[in-house]
Chemist: 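The structure's right below; bear with me while I get my questions together.
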Amino acid sequence: MRNTRPTPAFLVGAAIVALIAATALLSFFFTPFDPLQVNAPARLQGPSLQHWLGTDNLGRDLLSRILVGARITLLVGVVSVGIAVLIGTPVGIWAGMRRGAVEEITMRGADILLAFPALLLAIMFAAIYGASTVSAMAAIGLASVPGFARVARAGTLQVMNAEYVLAARAAAQRPVRIAARHVLPNITGMLLIQCSVTFALAVLAEAALSFLGLGTPPPVPSWGRMLQESQQYWGTFPAMALWPGLAIASAVMGFNLLGDGLRDWLDPKLGRGKA
Amino acid sequence: MQAILTARRGRRGARLAAVLAALLMLAACSAGSTGGAPVNKDKLVVALTGEPVNLDFTTTAGAAIPQAMMANVYEGLVTLDQTGAIRPLLATKWETSNMNKSYTFTLVEGATFSNGAAFEAEDVKFSIERVKSAAWLNGLKSKMDDVQDVVVNSATSVTVNLARPSQAWLYSMTTLVGAMFDPSGVDDLANNPVGTGPYKLASWARGESINLVARPDYWGTAPGIKDVSLRYFADAIATTNALSSGDVDVIYNMQAPELLSSFESNPAYQVLEGTSNGEVILSMNNKAKPFNDKRVRQAVLYAIDRKAVRDTAWNGLGTLVGGPVPPTDPYYEDLNDRYPFDPAKARALLQEAGAQDLKITFTVPTRPYATAVSEIVQSQLRDVGIDAKIASAEFPAVWLDQVFTSHDYQMSVILAVEARDLLTMFDDPNYYIGYDNSKIKDEAAAADASDEANYVEGMKNVVRTIVDDAPVDTLFIFPNISVAKAGISGLGANSVTEALNLAPIAWS
Amino acid sequence: MLVRIAGNLARFVLSLLAATLAVFALMRVLPGDPAAIAAGENATPEVVAGLAKQFGTDRPLPVQYWDWFSGLWRGDFGVSYVTRTDISPLVADKVQVSLILVTLAMALALAIAIPAGTIAAVRHNKPSGAVIAAASQLGIAVPGFLLGIVLVSFFALRLGWLPANGWVAPGVDFAGFLARLVLPVIALAGVQSAILVRYVRSAVLEVMHEDYLRTARAKGLSPLGALVRHGLRNAAIPVLTVTSVQFSALIIGAVVIERVFVIPGLGSMLLSAVGNRDLLTVQSVVMVLVAITLVVNLLVDVLYTIVDPRIRAAAQGER
């Protein structure tokens, strides 16, 4: 029943994500201008041969800032997803394998943590440690832990009843070995889908935080902050808002499509719905 | 079957659309009707940013409280006019004697507090002595340190004796430390202010607005508008949106100069651009490396093109002065030529000081002006070889804690709003700037103790000495920008006091 | 069943307890003495010490926690260090504002998402289904605040149809109240409905392949007819789960929307309290937001127990 070819959604998503990653990488070696170089006489210019996307209120090159901004977007996504995967997955697998009190306690813990959404945690963290990319990533990562724990647990529960796992358990293999050899490989697909969706949420959360002035502080160009800085110029110079807005929307869409595509591709049950 | 289904779905969709449209129409009509209604001349809504946390400036710092309360609810014996000159208020006149050490005030007759109590000389004694007591927790209370005693001569005459002659003391009396209180009205100042002013507090919807109502029993000229609502917004963009859609009548002390253009070209609005007491100061920690070296500080002043900073960060609004004194202060002079923009000279000074390839941290409070300024300053400093790393500090809490209290910073930028704060900033080596005041201490004290003319001359000397040492770079004087509907008159363009004086405002 | 509901309640109480501890522990790591912050720029150490005593922040942390905690059960959040007023009545006031906003937004989001998601599922291989799916994909990708700003620029500033921001109590001016709600509710619901459409669509798709639906269709019912008669009830369960999860997301999303539209709800209160370092208020508002989420979870749990105890596990497996 499994679809053998990736869906168009997957391909489009993967293409967008690859483009963003390439952009971020490129920005380490080359940007048309220094993204931080203020150039007062050249402020608020429209697109030109020199500045392809125009300049912002301080005369900085918008294209260069968008390119470098991709780094922050990826950084926030990768680190927060990383935190969530590294904490959530083992906890979820453990809960699914041990069952009983361990499962009850960890899942209740996840439920409580779920009552602290990323943005709320991030606002609290910003209040405590000040606004920074680090506290934003920590908050988003921590808030995404329950999602991974649940997915990992649900996957583990399914796998644990499979014959090969039962055989391994009968052979008295160590739980860590079972987890690594049998459980993890079988839930990787589900985890990848969750990664992709969480990544999209992280990009949105970072944008909202930067908009509130609680995200990446200046002068580092993050897309969310570029959007926030553009607010005064909506009436007179919408291009300043257009590009970061487009960048955020396409990044979120890219990761969501990637996740959906993965799901359709890997999940036979939903694949049937597509057929 | 398919057709029936489609039809049914179509009907349902149409119904939903109709409901939504009706809602929108309803909303649109009601919005239109409030917008098109004739102006109610008894009402005024003023948009401000930064709501007071409570109404008690005797125990709580922050500019928002006196902005709303002083001149409107509270009054002092004296006040300032729009040019910055001292004028009578609750005192009709005053005389100095004993070589400027004693001030005798003659009080107005018939003034009352909003709780009905009469304003008399005893209240002056009570108010001034209260500043000196433990009841006042605002750090500004030190402005009354020089007061030795207060003597009540009669119900309308009172003498204040100072420990030493002071010109500056009378000026302090125009600020919040000079506010007059009634002994029976100080129980709950945070929520229930009682003063002699033209307005009293009608209600306070926290998170929304402070509503003031004119007092029918006010002793002076009745205010032009009966009901004034001070509505608080999170940012400047929200204030201009509200003005555009007619929800507010005035934006005072507007913080987004880029948004002015649409109002300037529209005859339905007036834009007032005045000056203020606020200096946007690039402060350096004079006690810590690398800015403990005068040459490095001077290099910073040469490296920064203050005109470009103002033009880019604040849309060309604000006054360039070259020293930490606003033009409305009596000892102001134009010092723009002292440190012209000269990157070559900056580099030479840095080399002389052995401070090439400097790496510093630039602690920037989270305020619109600070963020805007910091990115240009950073870029200009980089041109002379100073690599400033911007570290954002939440304002007020983190900035106060880190920079102001702990002095844990190298460079920062702040809008110093307090009036006549020259000596507060520079005549105290323990202030966060850490300026070594040994050169100015005596001259400043002598000036304060002398007569008016010598006071001004002496203070000008003090300013020159300070600017020569370059403890800070005064980037520009913050403009006081107000946008009002065209029919409004009496709104003071300049912000020379800490108050937004509402009483003169009226609809024409 | 009563036992199960009692179990739900007990777990809710335990969660709430754990949440109070977590919130308190987190908030008290704040740098900066609340007293020093309240005292402001020109304070002397004596002034700061006086304030610390007045606030009670000079006492040991467990004592402060107990003080706060015991107040919570009486619905008393204490007196803010900064505003010097009771927090509870303020919170009670702001909660209403936020709940009105969030509930209306959720209702609108569901009103859009359920029909749209169902159509998208039924016609999933026709253009109209694809259009809805694509639109929802786009809707999810737009940050809510961006949608809000666009709505303000267009409907309030350019067309002048609606007020740009603000809030009027319904009792004071009902038309004005509604007018000011339209844009923020649309901004909040827009993104939310895009998310919900996806869940409704996949839940309906799931149900469409169940055997009883095939049977129903074999009996001559149209796809939609069969779905409405037999399928929607089953599709409703995962949607209900998602709705409860999204409700808490919506409450937090409202923080940002309240900022854009200057709505005096819990979000605005939270952000200004963060700015003023009004510790106790931040603590209280966070606690209320968390408690609302936990209450919604409890309600859904109880609902599940009443409908069918076995369903919960199945619905959870879906996520």
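Quick note on labels: first sequence line is chain A, next is B, and so on, each numbered from 1.
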Chemist: What are the two closest non-hydrogen atoms of A/M253 and C/A141, and how far apart are they?
Modeler: N-CB, 3.8 Å

Chemist: For a quick test of reading the model, state the closest non-hydrogen atom pair linking A/A115 to C/L294 and the distance between them.
Modeler: CB-CD2, 4.0 Å

Chemist: If you apply the rule side chain to side chain contact (heavy atoms under 4.5 Å, CB included), what do you find for C/L270 with A/L120, and how did you get there?
Modeler: CA-CA 10 Å; C/L270 176 66; A/L120 183 63; 3.9 Å; yes

Chemist: Could you look at C/S153 and say if it's the side chain, the backbone, both or neither that has a heavy atom under 4.5 Å from chain A?
Modeler: side chain

Chemist: Apply salt bridge (charged side-chain N to carboxylate O under 4.0 Å, His left out) to C/R198 and A/D260, showing your working.
Modeler: CA-CA 10 Å; C/R198 289 159 53 86; A/D260 286 1; 2.6 Å; yes

Chemist: Got a sec, which residues hit side chain to side chain contact (heavy atoms under 4.5 Å, CB included) with C/V91, two or more places apart in sequence or on another chain?
Modeler: C/F77, C/I87, C/V95, C/L266, C/M269, C/V288

Chemist: For the residue pair C/L271 and A/L214, establish whether any side-chain heavy-atom pair is separated by less than 4.5 Å.
Modeler: yes

Chemist: I'd like to know which of A/A207, A/S250, A/G155, A/A205 tops the heavy-atom pair count under 4.5 Å against chain C.
Modeler: A/A207

Chemist: Partners of A/L113 by side chain to side chain contact (heavy atoms under 4.5 Å, CB included), sequence neighbours excluded?
Modeler: A/V145, A/P146

Chemist: Is C/V260 in contact with chain A via its backbone, its side chain, both, or neither, using a 4.5 Å heavy-atom distance?
Modeler: side chain

Chemist: Apply side chain to side chain contact (heavy atoms under 4.5 Å, CB included) to residues A/L212 and C/V256 and explain how you reach the verdict.
Modeler: CA-CA 7 Å; A/L212 294 176; C/V256 189; 4.1 Å; yes

Chemist: To check you understand the geometry: which heavy-atom pair defines the closest contact between C/A18 and A/I112, and what is its length?
Modeler: CB-CD1, 3.6 Å

Chemist: Please rank C/I140, C/V23, C/V142 by heavy-atom pairs under 4.5 Å with chain A and give me the top one.
Modeler: C/I140

Chemist: So for A/F255, is it side chain, backbone, both, or neither that comes closer than 4.5 Å to the heavy atoms of chain C?
Modeler: neither

Chemist: If we check side-chain contact (heavy atoms from CB on, under 4.5 Å) with A/P117, which of these qualifies: C/V255, C/I252, C/V290?
Modeler: C/I252

Chemist: Please classify the contact between A/E104 and chain C as side chain, backbone, both or neither, with a heavy-atom cut-off of under 4.5 Å.
Modeler: side chain

Chemist: Could you walk me through whether C/V286 and A/M124 satisfy the side chain to side chain contact (heavy atoms under 4.5 Å, CB included) test, starting with their C-alpha distance in whole Å, then the side-chain angles of each, then the deciding distance to 0.1 Å, before giving a yes or no?
Modeler: CA-CA 8 Å; C/V286 168; A/M124 284 172 76; 3.5 Å; yes

Chemist: Apply the test side chain to side chain contact (heavy atoms under 4.5 Å, CB included) to residues C/I149 and A/L227: give CA-CA distance (whole Å), side-chain angles for both, the deciding distance (0.1 Å), then the verdict.
Modeler: CA-CA 11 Å; C/I149 297 172; A/L227 205 51; over 6 Å; no

